[in-house]
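Note sheet for the following structure.
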Amino acid sequence: MFNYSCTTTKIALKADILIVDDIIENVVLLTEILEAEGYDVRQAISGRSAQTAINAASPDLILLDICMPEMDGYALCQQLKSNPETAQIPIIFLSALSSTFDKVKAFEAGGADYVTKPFQTAEVLSRVRNQLLARQNLQAMQATIDAQTQALKEANLQLQYAAHHDSLTGLANRALLMQTIQQLLGAAQADPDRQFAVLFCDCDRFKLINDSFGHFVGDQVLIQVADRLRQHLGSDDILARFSGDEFVAVLPQVKDAETAIAHANTLIASLGDSFPLDHGEVFISLSVGVVLSNPVQHQKPEHILRDADIAMYSAKANGKGCCSLFNPIMQRTSIELLRVETDLHSAVQNREFVPYYQPIVDLATGDVMGLEVLIRWQHPERGVLMPHVFMSVAEETGLILPIGHLLLEAACQQLAQWQAQQICAEDFHLSFNLSVSQITQAKLPDTLGNLLAQYHLAPKHLRLEITETALLDNVLATATIINLAEQGFHLCIDDFGTGYSSFSYLHQLPVKTLKIDRSFIHALQPDSRDAQVIAAIINIARDLDMISISEGIETTAQLTLLKDLQCDAGQGFLFCKPAPADVIVQQVLSLQEVMENPADHPLETSRNR
């Protein structure tokens with residue numbers, strides 16, 4: 001509101017000043033003085049006319065006489081100060097009243113200054129200038145305060161937004177999700193007919209994208225995933241990023257489970273198209289756990305999210321890229337898995353894992369070529385547990401690494417002991433299965449080398465079995481596999497024919513053995529489709545100068561057919577069931593006797609001894 005104009009002696013203030021005085025001579029004199037200084041001046045000769053002038057345009061300062069008819073200066077000043085729109089206008093009283101009482105009364109009414117008549121021009125100009133400067137400074141301070149207040153409001157809004165939204169995708173975060181579910185639970189408690197659904201979504205195998213392309217690319221893919229999911233939800237639905245590659249969709253009101261499942265399948269389908277990258281594209285599938293609100297079972301947001309998470313893992317167990325509706329049986333299964341996980345930690349510390357061995361037989365000579373190492377868990381309360389009870393939990397929790405090391409160490413120690421006792425030939429070997437987690441460890445070759453050196457063994461004594469899925473799901477494992485082969489380790493593809501069966505890696509990787517999965521052997525008959533598949537695999541192995549081994553041989557008929565197909569080796573219950581070290585030696589000796597004299601000791605009879 002203030003402007004400046006330069007003079008040679010001082011900087012003058014440009015301001016609008018209202019003079020209120022019922023004596024015309026005073027008004028004229030003050031007007032001439034103020035206009036000479038460059039001020040804009042307006043006049044009023046009564047309190048009423050002053051009100052009209054102020055309502056028309058608020059002045060920057062008022063020079064106010066006290067003694068006026070109808071409304072004196074005190075009354076006008078009090079009225080102006082009681083109005084927020086005019087309360088900040090500085091008022092200088094000009095009056096012939098010079099007593100201290102009158103001055104105190106003027107200041108109590110709200111006056112900023114007091115000039116006694118007859119006045120001196122210099123005094124009036126000085127007091128006017130001081131009040132205008134003070135008002136200007138006050139306005140500048142107020143503007144600064146207002147700007148800072150606005151900035152604080154905006155910063156607070158930004159903080160509130162950041163506290164409730166994911167910084168990467170802009171979706172609601174876990175905190176806002178929990179608040180939303182809490183509100184919906186309250187509404188459901190108040191209205192039993194109201195039902196909502198929670199869809200817990202997880203991007204399958206997303207870790208592979210981060211491991212292959214880096215977390216920056218992974219983040220860009222997550223942004224695209226969030227956009228696709230958001231586009232396929234209604235305006236009332238809530239989508240939140242729960243953590244990492246996990247998202248949660250909340251449907252505030254659903255009719256039934258079929259409706260929720262239909263929404264879940266829509267979200268799954270939304271990720272069907274590829275996600276473009278700078279140097280190619282990737283495909284992502286979605287596993288979704290679906291749960292409907294239940295006022296009895298779900299008292300807190302954590303309860304319904306727990307059930308949705310359990311259902312999501314059920315969808316993953318069912319093959320990924322699908323949805324699963326929660327039921328209480330899943331929770332009991334989850335509790336059992338948690339118990340297994342807890343016990344596994346103790347089992348690692350107490351070294352409760354025991355290697356079992358199964359012979360691998362040369363089908364042409366009948367000799368036992370080696371033993372496959374199989375794991376068993378000697379549980380202190382539940383007895384001997386098979387791998388299917390705990391291996392998936394071990395893999396998921398990362399305990400597979402210490403468990404695998406313990407098993408391998410025990411097996412190497414046992415082989416060294418057999419060699420020292422001259423129970424086995426010098427080239428006798430052990431076959432050991434490597435998990436997905438193990439084969440992606442860059443330090444695996446060094447770990448194996450150190451372990452073999454500790455027990456004075458060589459790489460030829462240890463054959464490493466890897467599944468097709470492990471090869472294709474972990475492109476970073478290629479360097480590890482090549483490194484192992486360069487150190488002299490014999491590599492085998494386990495369960496060949498049950499995975500992706502991509503023949504390209506048979507050329508690219510230094511594989512020496514193909515193990516035919518037991519599923520092809522189980523119903524093996526001459527001229528059957530399984531026999532044709534087995535023959536094809538055996539021919540591939542032969543053409544590539546590889547060894548073929550059939551798993552799961554249980555009958556002499558199967559053995560005879562495999563021999564006719566010229567399969568190199570085999571293993572299965574027909575020869576020997578897996579057994580611990582103190583039992584397997586005697587069983588191998590008995591098996592060797594049977595293989596040397598099959599007429600005297602039929603296999604199917606000897607295996608039941």
Side-chain angles (χ1 to χ4, degrees), residues 351 353-362 367-376 387 391 400-468 470-471 474 477-496 509-515 541 546-549 551 568-571 576 578-581 584-585 588:
R351 306 175 76 92
F353 302 99
V354 180
Y356 272 49
Y357 304 90
Q358 186 176 43
I360 301 173
V361 179
D362 186 323
D367 294 335
V368 176
M369 305 163 49
L371 298 172
E372 180 176 1
V373 181
L374 302 169
I375 189 171
R376 299 293 185 267
M391 285 301 286
I400 189 66
L401 296 177
I403 290 173
H405 185 81
L406 289 173
L407 185 70
L408 187 58
E409 182 179 11
C412 288
Q413 183 180 21
Q414 184 62 66
L415 179 59
Q417 181 178 337
W418 284 334
Q419 287 183 349
Q421 296 171 346
Q422 298 184 345
I423 292 177
C424 61
E426 197 281 330
D427 60 350
F428 193 82
H429 70 268
L430 298 178
S431 288
F432 189 85
N433 292 276
L434 292 177
S435 68
V436 174
S437 299
Q438 289 171 304
I439 197 63
T440 55
Q441 296 292 310
K443 62 182 181 180
L444 177 63
D446 292 337
T447 301
L448 293 177
N450 293 334
L451 194 58
L452 292 178
Q454 179 181 350
Y455 293 103
H456 307 290
L457 300 174
K460 68 178 181 179
H461 296 127
L462 190 61
R463 297 190 178 183
L464 304 176
E465 299 186 7
I466 309 162
T467 63
E468 291 179 273
L471 286 172
N474 295 273
T478 301
T480 302
I481 292 171
I482 293 175
N483 195 346
L484 288 170
E486 290 175 348
Q487 291 189 22
F489 287 100
H490 184 118
L491 300 177
C492 313
I493 301 298
D494 194 19
D495 301 335
F496 187 79
L509 299 177
V511 177
K512 294 185 177 182
T513 296
L514 296 183
K515 296 192 73 173
M546 297 180 182
I547 299 171
S548 57
I549 300 177
E551 299 179 299
D568 295 316
Q571 64 185 97
C576 183
I584 197 65
V585 172
V588 168

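Numbers here are sequence positions counted from 1. Since this is a predicted model, take the numbers as computed values, not measurements.
What you find for Pro359 and Val368 is that their closest heavy atoms are CB-CG1, 4.0 Å. In terms of heavy-atom proximity, Val511 sits nearest to Met546 at O-CE, 3.4 Å. Minimum interatomic distance between Ser548 and Asp568 (heavy atoms only, all atoms of both residues): N-OD2, 2.9 Å.
Note that the CD1 atom of Ile466 and the CG atom of Leu484 stand 7.0 Å from one another [nearest 0.5 Å]. The distance from the CZ atom of Phe489 to the CD1 atom of Ile481 is 13.5 Å, given to the nearest 0.5 Å. Rounded to the nearest 0.5 Å, atoms CG (Asp427) and CE (Met369) are 9.5 Å apart. Here the straight-line distance linking atom CD1 of Ile375 with atom CG of Asn433 works out to 10.5 Å at 0.5 Å rounding. Distance CG/Asp362 to CD1/Ile549: 9.5 Å, rounded to 0.5 Å. Rounded to the nearest 0.5 angstrom, Cys492 SG and Leu464 CG are separated by 7.5 Å.
Between Phe428 and Leu371 there is a side-chain heavy-atom pair separated by less than 4.5 Å. Between Leu462 and Leu408, some side-chain heavy-atom pair lies under the 4.5 Å cut-off. For the pair Asp495/Glu551, a side-chain contact is recorded, criterion being any heavy-atom separation below 4.5 Å from C-beta on. With contacts defined as side-chain heavy-atom distances shorter than 4.5 Å, the pair Leu509/Ile493 does not qualify. Here the side chains of Thr480 and Gln441 are not in contact, with every heavy-atom distance at 4.5 Å or above. Residues Met391 and Ile400 are in side-chain contact: their nearest non-hydrogen atoms beyond the backbone lie under 4.5 Å apart. Within the 4.5 Å cutoff, side-chain heavy atoms of Leu491 are placed close to those of Pro510. When side chains are defined from C-beta on, Val588 does not count as touching Cys576, because their heavy atoms never get closer than 4.5 Å.
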- Start with the C-alpha distance between Ile547 and Lys512, add both sets of side-chain angles, then the distance that settles side chain to side chain contact (heavy atoms under 4.5 Å, CB included), and finish with yes or no. CA-CA 6 Å; Ile547 299 171; Lys512 294 185 177 182; 5.9 Å; no
- Criterion side chain to side chain contact (heavy atoms under 4.5 Å, CB included) on Val373 and Tyr357, from CA distance to verdict: CA-CA 5 Å; Val373 181; Tyr357 304 90; 4.0 Å; yes
- Query: Passes side chain to side chain contact (heavy atoms under 4.5 Å, CB included), Gln438 versus Leu401? Steps please.
  - Reply: CA-CA 6 Å; Gln438 289 171 304; Leu401 296 177; 3.7 Å; yes
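A side-chain hydrogen bond (donor to acceptor under 3.5 Å, both in side chains) check over residues 442-451, counting only residues at least two apart or in different chains, returns nothing.
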Under 3.5 Å, sequence neighbours excluded: what are the donor-acceptor pairs made by side chains of residues 410-424?
unit_1: Gln419; atom_1: NE2; unit_2: His461; atom_2: NE2; d: 3.4

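Here the options are Lys515, Arg463, His429, the test is side-chain hydrogen bond (donor to acceptor under 3.5 Å, both in side chains), and the partner is Glu372; only Lys515 passes.
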